[in-house]
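To keep things clear, I will list the structure first and then write my remarks on it.
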Amino acid sequence: MEIKTTVNGRLYKLDIPPNWSLAYVLRKKLGLIGIKLGCETGECGSCTVLLNGEPVNSCLVLGVEADGKEILTIEGLSKNGELHPLQKAFIEHGAVQCGFCTPGMILSAKALLDKNPNPTEQEIREALAGNLCRCTGYVKPVKAILSVRK
Amino acid sequence: MWAGFEYFKPATLKEACLLLAKYKSEATVFAGGTDLLVSMRTGGTKPRYLIDIKAIPELSRIKYENEQLTIGAAVTINALAQSDVIGKKFDIITEATKVFASVQIRNRATIGGNLCRASPSSDMVPPLLVLDAMLTAISDKGERDIPIKDFFIGPERTSLEQGEMLKEIRVPTPPQNMGATFLKVRRTGVDLAVVNVAVAVELSENKFKDVKISLGAVAPTPMRALKAEALLKGEACTDENIERAAEMASSETSPITDVRSTAEYRREVSRVLVKRALKNAIQKVGGR
Ligand SMILES: Cc1cc2nc3c(=O)[nH]c(=O)nc-3n(C[C@H](O)[C@H](O)[C@H](O)COP(=O)(O)OP(=O)(O)OC[C@H]3O[C@@H](n4cnc5c(N)ncnc54)[C@H](O)[C@@H]3O)c2cc1C
Ligand code: FES
Ligand code: FES
């Protein structure tokens, strides 16, 4: 099936089979391997992308559903080689261990801050509830996100 | 990847119904996919024709007219959570959305999918049971109303017939003197319920004029605790009456032991949650 979708600000025309997940399409067709596949059943959040600004698990979205939509992945966050404030904050706070969950965490955090620039710690924790970290690093991501509040 | 299927995205109800009629048992309605795509990956579900209903405008609408709330089947859990009118007049629904999965899942999961999946633990069901919701099914032959209490006929089985899909859910505005609340116990922040409970009470001079109690994850389908309700009707709002009703509700459950909990624990949690929910609901309408 032919779809047209905007990924990280660029419009793509793609021909994909309907049984490919959005995660698979973005990884295989566009090489966006910052999308990590952990559970592929909606539990871990490592495949999180923003679909029209809202975080979703791209392992549980069909690629064809992206037709006419806008997608943001971790690769689309930096501008002209400069990291996004959230990315910088994660590095500065040591909020990255193995890094597998990090793209998803940062995108969940971005979606939260876009709507609510000054969230409470509780709101941050709720926004990250769907992002599991197998290195069990939850305190530092929360601190990193708190540091970029407006 | 998933086993191959054909994908349709009808733009109208009519088109969707024709597809359902055409492909009969081989057609599968596809809403948020948070149950369906998981069971296609791990449970061996292999649909031939997927009918994505998310482009049908009527199905994604929340409407409030003539004291009645109408929720399209493809409205997402997050859309419910963000609705002002639901927050003001049907806050038990808002309460259930807040403890439903993760943000990512809530952005995709629909209320219709939650009902049609007919899992014993579906979180949106107990609130709709105590609010006496009416469901509308649609097929190429027309529409049909199904009271929610008649919708669940077994684990993962609904009274929808082949060729039918859920169109919308209608909820009457609760009376002023009704208080309703939803409580859920789960193992972690993001998990299905060990037990969930919804309660609605209507008070008159500190007596129970009407009571509805619903529990999930403790029987083959979401259930009403009718004996416990009968114990309370017409009686005073005392701690003893509430305690007796909570014990009765617990004895009406028939839980199983699974990875989430033992049957014994579910029975005990049922008692505690019903008691707590009754007290919360009474407080909401300013009783005792
Ligand atoms: C990680 C995770 C956490 C979860 N947590 C919760 C939770 O906390 N609480 C909870 O209740 N559930 C939870 N779920 C289950 C699931 O998200 C919900 O049941 C959800 O509401 C299903 O809706 P959907 O739109 O995704 O349904 P889909 O997966 O699209 O469909 C589910 C079933 O219903 C049928 N269907 C859908 N819409 C219609 C319709 N309009 N007419 C006829 N048939 C239809 C489909 O054919 C399919 O059989 C969770 C799932 C995951 C993966
Ligand atoms: S890989 Fe998508 S949620 Fe785990
Ligand atoms: S840093 Fe390793 S999974 Fe989170």
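Quick note: numbers below take in every heavy atom, side chains included, and nothing from hydrogens, waters or symmetry partners. Below, chains carry the letters A, B, ... as their sequence lines are ordered, and counting in each starts from 1.
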Is chain B contacted by the side chain of T48(A), its backbone, both, or neither, given a heavy-atom distance below 4.5 Å?
-> side chain
N-O pairing of E54(A) and K115(A) below 4.0 Å | yes
From L107(A) CG over to I74(A) CD1, what is the distance, rounded to the nearest 0.5 angstrom?
-> 4.5 Å
Against chain A, residues from residues 14-48 of chain B with at least one heavy atom under 4.5 Å, in numeric order, are F30(B), G32(B), T34(B), L37(B), V38(B), R41(B), T42(B)
Max heavy-atom pair count under 4.5 Å with chain B, selected residue of V64(A), L60(A), L51(A) | L60(A)
When rounded to the nearest 0.5 Å, the distance separating CD1 of I71(B) from OG of S60(B) is 12.5 Å
Given I169(B), which of I93(B), L69(B), L128(B) fulfils the side-chain contact (heavy atoms from CB on, under 4.5 Å) condition?
-> L128(B)
Do T73(A) and N8(A) meet the criterion of a side-chain donor-acceptor pair at a distance under 3.5 Å?
-> yes
Salt bridge D67(A)-K9(B), side-chain N to carboxylate O under 4.0 Å = no
What part of D191(B) lies closer than 4.5 angstrom to a heavy atom of chain A: side chain, backbone, both or neither?
-> neither
Below 4.5 Å from any heavy atom of chain A, which atoms of A101(B) appear? Answer side chain, backbone, both or neither.
-> neither
Measuring from I77(B):CD1 to F100(B):CZ, what's the distance to the nearest 0.5 Å?
-> 4.0 Å
E40(A) versus chain B, the contacting section by heavy-atom distance below 4.5 Å | both
So how far is it from N131(A) CG to C47(A) SG, rounded to the nearest 0.5 Å?
-> 9.0 Å
